[in-house]
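To start, the structure itself, in structure tokens.
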Amino acid sequence: MATTQIMLPGDAIPATQIPTSQKRKIGRGLRQDVTTGDFTATIGGLLEVDYRKKTAQISAPDARYIPKAGDLVIAQFRTSSTDFFHLHINAHSPQAILPQLAFEGATKKTRPQLKPNDLVYAKVVAAQKNMEIELSCVNPSTGKAEPDGLGPLTGGMVFDVSPGLAERLLKKQGVVALDELGTKLPGGFEIAVGKNGKVWVECPEAGVKGVCAVGRCLREMDEKELREKEQKKLVNKIMGELERG
């Protein structure tokens with residue numbers, strides 16, 4: 001069971017409203033009073049409480065993205081040094097480093113040959129204040145790029161979305177439009193979502209028109225905060241316009 005509630009900075013949240021398990025995870029935007037055990041919202045946004053997963057946090061759709069370990073991001077290659085690729089995540093974050101051998105099956109001979117502005121889908125391994133962010137394109141427990149499809153992103157286009165929408169896309173939370181569009185676009189489409197507000201889209205069969213259709217869908221979902229019923233109407237509208245050329 002999960003609940004959501006709109007909160008403003010300073011709003012009080014009774015301790016009874018938050019999971020009580022010792023294994024619970026309290027995310028961003030919540031501060032607990034050690035005396036009463038109650039919580040206070042430190043930012044405005046949606047209070048998201050999941051009693052099954054024992055988690056609670058405040059999600060602010062337009063909040064600035066701050067990297068943390070475990071996040072999936074789409075980063076842009078800038079330059080390289082002897083052992084590392086140096087990448088850009090966003091304007092507010094320190095430079096990120098990616099070991100040149102941190103790719104599935106990579107050796108000194110087979111490692112990717114990245115060019116300036118090439119995109120990489122990677123996972124944040126370490127992110128500490130005032131230090132370079134460390135990325136990887138392999139699952140440390142398996143040495144594989146799966147299950148997230150990590151590695152260089154070739155072709156396609158990248159669209160900017162709010163960190164809030166990016167998080168919903170990753171969690172598949174109230175975002176039916178892309179599934180609807182995927183069943184209607186010829187050949188469907190490939191997608192990679194970065195928590196830093198970047199979405200990469202490729203449509204091998206539908207081509208540029210298909211990519212732009214997905215991009216438009218993302219933009220309108222984000223700007224208009226469409227509910228599921230409205231998202232389905234949007235998909236039908238986009239597909240109708242696409243078929244008419």
Side-chain angles (χ1 to χ4, degrees), residues 1-75 88-96 123-135 159-178 193-199 217-231 234:
M1 178 182 175
T3 64
T4 58
Q5 178 182 348
I6 297 174
M7 307 299 296
L8 296 175
D11 281 354
I13 305 155
T16 54
Q17 199 172 329
I18 305 296
T20 56
S21 169
Q22 289 185 345
K23 295 182 179 179
R24 69 182 181 183
K25 294 182 180 178
I26 305 301
R28 70 189 298 267
L30 294 172
R31 182 177 66 238
Q32 187 174 26
D33 187 307
V34 295
T35 305
T36 65
D38 292 337
F39 290 82
T40 301
T42 60
I43 60 174
L46 287 177
L47 171 63
E48 298 178 346
V49 180
D50 191 319
Y51 295 98
R52 184 176 59 84
K53 295 181 180 179
K54 299 178 176 59
T55 62
Q57 67 172 0
I58 292 180
S59 174
D62 299 319
R64 178 184 295 179
Y65 170 70
I66 300 174
K68 64 179 185 296
D71 285 355
L72 291 167
V73 296
I74 293 176
H88 173 79
I89 291 179
N90 64 18
H92 313 294
S93 302
Q95 181 175 251
K123 183 167 285 189
V124 178
V125 176
Q128 297 182 13
K129 191 174 182 180
N130 300 323
M131 294 184 66
E132 289 179 316
I133 299 160
E134 186 178 345
L135 306 176
F159 299 94
D160 291 323
V161 300
S162 68
L165 177 59
E167 189 163 353
R168 285 169 54 208
L169 290 169
L170 286 165
K171 292 180 177 179
K172 298 184 177 179
Q173 212 173 57
V175 284
V176 299
L178 295 189
V193 181
K195 213 167 180 182
N196 56 328
K198 305 287 183 184
V199 180
C217 187
L218 289 167
R219 186 187 71 247
E220 294 205 24
M221 283 171 58
D222 205 8
E223 293 177 353
K224 299 178 181 178
E225 299 182 359
L226 302 180
R227 298 183 181 276
E228 292 188 6
K229 189 175 181 180
E230 296 166 326
Q231 291 177 33
L234 172 64

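- Residues satisfying the salt bridge (Lys or Arg N to Asp or Glu O under 4.0 Å) test with Lys54, not counting sequence neighbours, are none.
- Residues Ala127 and Lys68 approach most closely at CB-CA, 4.1 Å, considering heavy atoms.
- For the atom pair Asp33 CG and Asp38 CG, the distance stands at 7.0 Å (nearest 0.5 Å).
- In this view, Glu134 satisfies the salt bridge (Lys or Arg N to Asp or Glu O under 4.0 Å) rule with no residue, not counting sequence neighbours.
- Under the 4.5 Å side-chain criterion, counting only non-hydrogen atoms from C-beta, Leu135 is in contact with Val124.
- A donor-acceptor pair is defined here as one N or O able to donate and one able to accept, closer than 3.5 Å; such a pair exists between the side chain of Arg168 and the backbone of Gly174.
- The shortest heavy-atom contact between Glu132 and Pro94 is CA-CB, 4.5 Å.
- Interatomic distance, CD of Glu167 versus CG of Asp71, reported as 8.5 Å (0.5 Å rounding).
- Side-chain N or O atoms of Asp11 include none that pairs as donor or acceptor with a backbone N or O of Ala41 at under 3.5 Å.
- The environment of Arg219 atom CZ is dense: over 12 non-hydrogen atoms of other residues, nucleotides or ligands sit within 6.0 angstrom.
- With sequence neighbours excluded, the residues satisfying side chain to side chain contact (heavy atoms under 4.5 Å, CB included) with Ala177 are Cys217, Met221, Gln231, Val235.
- We find the CG-CG distance between Asp160 and Leu218 to be 10.5 Å, quoted to the nearest 0.5 Å.
- In this structure, Leu47 and Leu30 have side chains that are in contact, with non-hydrogen atoms separated by less than 4.5 Å.
- At least one side-chain heavy atom of Gln173 sits less than 4.5 Å from a side-chain heavy atom of Glu48.
- Among all heavy-atom pairs drawn from Pro19 and Tyr51, the shortest one is CG-CD2, 4.1 Å.
- The number of heavy-atom neighbours closer than 6.0 Å to NZ of Lys171, taken from other residues, nucleotides and ligands shown, is above 12.
- If you take CD1 on Ile13 and OG1 on Thr40, they are separated by 7.0 Å, rounding to the nearest 0.5 Å.
- Few gaps surround CZ on Arg24; more than 12 heavy atoms of other groups in view lie less than 6.0 Å from it.
- One distance of note links NZ of Lys172 with CG of Leu178; it measures 10.5 Å at 0.5 Å rounding.
- Side-chain contact between Ile18 and Gln32 is absent, with no heavy atoms from C-beta onward closer than 4.5 Å.
- Note that the NZ atom of Lys123 and the NZ atom of Lys195 stand 11.0 Å from one another [nearest 0.5 Å].
- The two atoms that bring Glu230 and Arg227 nearest to each other are OE1-N, 2.8 Å, heavy atoms only.
- Inter-residue side-chain proximity for Val73 and Pro67 is flagged as unmet; no heavy-atom pair is nearer than 4.5 Å.
- Side chains of Leu165 and Val199 form no contact here, defined as non-hydrogen atoms less than 4.5 Å apart.
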